[in-house]
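Have a look at the structure below before the remarks.
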Amino acid sequence: MEKFVIRGDKPLQGEIRVNGAKNSALKILAAALLTDDDCRISNVPQIEDIFRLLELLEDIGVKVKNGSRGEYLLNARGIKKSSLSPSIAQKLKGSILMTAPLLARYGRADFPQPGGCVIGQRPRDIFIDGFKAFGASVRETAKGYSLSAKKITGTKFVFPLVSVTATETMILLAVLAKGKTNLVNAACEPEIIALADFLNKMGAKIKGAGTPFMEIEGISHLAGGECEIMPDRIEGGSFAVLGAAANSPIKITGINPGHLEVLWFLLAKAGANFELGKDFVKIKPSQGLKAVGLKTHEYPGFPTDLQAPFVVLMTQASGLSLIHETIFEGRLFYADVLNQMGAKIIMCDPHRVVVQGPAKLSGRHLISPDIRAGIAMVIAALIAKGESVIENIYQIDRGYERIEERLQKLGADIKRINS
Ligand code: EPU
């Protein structure tokens, strides 16, 4: 098992570039299942979640060629089965995205029961209702779900709440459906716009991506396509928060600052000193931070995936910040671990904590529960005095490529140890 050993409180400085976005690449790679032609996808981050999805694609017969770093050529002509391998699919919640193209093209898809998830229940009811609305029958077995459909027919589907992967799954189903689909209360994340842009390049007819109202005219055939994965806004935001928490001059490059408007607003309100450029943010030392509260929200609100790093930042700010996690019910439990490091965080209920800062953090033995709490622990360890050991770093590798090597270039004392 690998772990990180971090000796904190070292001066950080320099430039760090963000990689392609995990939560865009997963969907774009799944979209390659919709065509028999080649799809060339570049800037794919080399992270565990992507490796799992590629394994799943290869397992059903997709030919995957790995070109130069981060470039993949996929061809789905030779699909030989439409059931997802349970052992791989259960490691990756996003694997459900593959079911829509399989159902649309081959009339069948089987996927396993999703396993439990540390950040919350992750129910699948909206997906099931969506599949049924498009004319599929859904059979639930002890092992999972069996979807089948003689024909996928366009429909009006109203999402009862905003869900990113459910929106993407219904888009993937609608593009090859017979007739028109209207999606109402669709998620508006930039990753959804990127997926729609790629599908439109392949010949799909999608309007309204990035708004809650989408209209999709189904067509019978999609061609191959090329796509460069968009920058990872969550990685960019995590690095910006690291710079502000460490009060260190760090330039984060290759970002789209327009994807993180609420983060910039809150950083400015907290007194962080930074400069935004066309594709970068330069974090500069500041005169001390003030507490600010936040409520996570669907895009363009404050992303739940940045909530944990921001809580670490608030441990360094003067005053009380109320942090309200509205999306997932299990995404604040890492707060206990930060308290062991010296933070003063009061858990009000599973959705809300109050952070009292500033607090001096000290190194501890930590276990990463999920990707985003994992990166928050890395940030906490980097600003803490003394040594921290972080275990279960598979969780961090799921979302952040070679994070230790990239942080070492900023001067961080972080090592990957194999024990
Ligand atoms: N929900 C339901 N029923 C459903 C589906 C979702 O009740 O059938 C609920 C969820 O329980 C949650 C809310 O809807 O309370 C929103 O969840 P959403 O479906 O939007 O989350 P997701 O699509 O499963 C994606 C990202 C997450 C990110 C969330 C929110 C991917 C692969 N995952 O998850 O990313 O936190 O949107 O923005 O795109 C991460 O990268 O670490 C991560 C967890």
Side-chain angles (χ1 to χ4, degrees), residues 19-31 45 47-50 52-53 56 89 91-100 111 113-133 138 140 145 157-172 185-195 212 229-230 232-238 259-260 262 296-309 324-332 334 350-351 368-376 394-401:
N19 287 329
K22 167 179 87 79
N23 288 346
S24 178
L26 289 170
K27 332 304 167 58
I28 302 272
L29 291 167
I47 52 177
E48 293 298 332
D49 273 14
I50 293 292
R52 293 299 83 72
L53 187 81
L56 271 179
K91 287 196 189 135
L92 179 73
K93 295 278 166 284
S95 57
I96 197 167
L97 289 151
M98 286 172 58
T99 55
F111 66 101
Q113 290 283 2
C117 180
V118 288
I119 66 172
Q121 287 299 319
R122 315 293 288 275
R124 290 294 173 237
D125 53 314
I126 303 174
F127 295 80
I128 304 302
D129 289 342
F131 293 136
K132 287 180 182 166
V138 180
E140 190 176 349
Y145 296 92
F157 185 67
V158 181
F159 295 92
L161 53 80
V162 176
S163 164
V164 177
T165 34
T167 299
E168 290 158 339
T169 303
M170 297 314 136
I171 295 171
L172 291 168
N185 200 22
C188 302
E189 270 63 8
E191 291 77 9
I192 290 177
I193 302 178
L195 175 65
I229 301 299
M230 59 180 272
D232 195 318
R233 62 196 167 97
I234 304 302
E235 196 177 67
S238 308
H259 289 166
L260 288 166
V262 180
T296 60
H297 198 278
E298 294 86 12
Y299 189 84
F302 189 91
T304 168
D305 292 343
L306 284 177
Q307 174 261 107
H324 190 167
E325 168 56 60
T326 65
I327 313 272
F328 294 113
E329 65 278 12
R331 233 183 184 181
L332 285 168
Y334 66 88
H351 283 280
S368 169
D370 72 274
I371 312 179
R372 310 304 174 186
I375 199 71
Y394 175 82
Q395 287 299 331
I396 300 171
D397 292 335
R398 283 181 54 204
Y400 298 85
E401 180 180 335

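We count ligands from 1, going down the list as the structure has it; atoms in each ligand are counted the same way.
Leu172 has its side chain within reach of Leu195: a pair of non-hydrogen atoms, C-beta onward, lies under 4.5 Å apart.
Per-residue contacts place Ile371 under 4.0 angstrom from the following atoms of ligand 1 (heavy atoms of the residue considered): 42 (O). The Phe127 neighbourhood of ligand 1 comprises atoms 5 (C), 8 (O), with distances under 4.0 Å to a heavy atom of that residue. Counting atoms of ligand 1 from 1 in the listed order, those under 4.0 Å from a heavy atom of Arg372 are 40 (C), 41 (O), 42 (O). Residue Ile327 has at least one heavy-atom neighbour below 4.0 Å for each of these atoms of ligand 1: 12 (C), 15 (O), 16 (C).
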- Task: Check the pair Met98 / Leu53 against side chain to side chain contact (heavy atoms under 4.5 Å, CB included), numbers first and verdict last.
- Result: CA-CA 9 Å; Met98 286 172 58; Leu53 187 81; 3.8 Å; yes
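Residue contact check for ligand 1: Val162 places a non-hydrogen atom closer than 4.0 Å to it. Contact analysis puts Ser163 in contact with ligand 1, with a non-hydrogen atom separation below 4.0 angstrom. At a 4.0 Å cut-off, at least one heavy atom of Arg331 sits close enough to ligand 1 to count as contact.
Across Thr165, Leu92, Leu161, heavy-atom proximity to atom 22 (P) of ligand 1 is greatest for Thr165. Taking each of Pro123, Gly330, Gly374 in turn, the one with a heavy atom nearest to atom 4 (C) of ligand 1 proves to be Pro123. Of the listed residues (Lys22, Lys27, Glu329), the one carrying the non-hydrogen atom nearest atom 39 (O) of ligand 1 is Lys27. Heavy-atom proximity to atom 20 (O) of ligand 1, evaluated over Thr326, Val164, Thr169, is greatest for Val164.
At a heavy-atom cutoff of 4.0 Å, ligand 1 is contacted by no atom of Tyr299, backbone or side chain. Of the heavy atoms in Glu191, none comes closer than 4.0 Å to ligand 1. Residue-level proximity to ligand 1 for Thr304 is carried by the side chain, the only part with a heavy atom below 4.0 angstrom. Counting heavy atoms under 4.0 Å from ligand 1, residue Ile126 touches it through both backbone and side chain.
Considering only residues two or more places apart in sequence or on other chains, Glu189 meets the salt bridge (Lys or Arg N to Asp or Glu O under 4.0 Å) condition with none of them. Taking Arg52 as the reference, Glu48, Glu55 meet the salt bridge (Lys or Arg N to Asp or Glu O under 4.0 Å) condition, with sequence neighbours excluded.
The pair Lys93-Asp49 does not meet the salt-bridge criterion, since no charged nitrogen lies less than 4.0 angstrom from a carboxylate oxygen. With respect to Glu168 and Lys27, a salt bridge is recorded, a charged nitrogen being found less than 4.0 Å from a carboxylate O. Here Glu235 does not pair with Lys22 in a salt bridge; the nearest charged N to carboxylate O distance is not below 4.0 Å.
When only interatomic distances are considered, the shortest N/O to N/O separation between Glu189 and ligand 1 does not fall below 3.5 Å. Any N or O atom pair closer than 3.5 Å counts here, and Glu168 shares no such pair with ligand 1.
Note: Asn23 CG to Ile28 CD1 = 12.0 Å, rounded to the nearest 0.5 Å.
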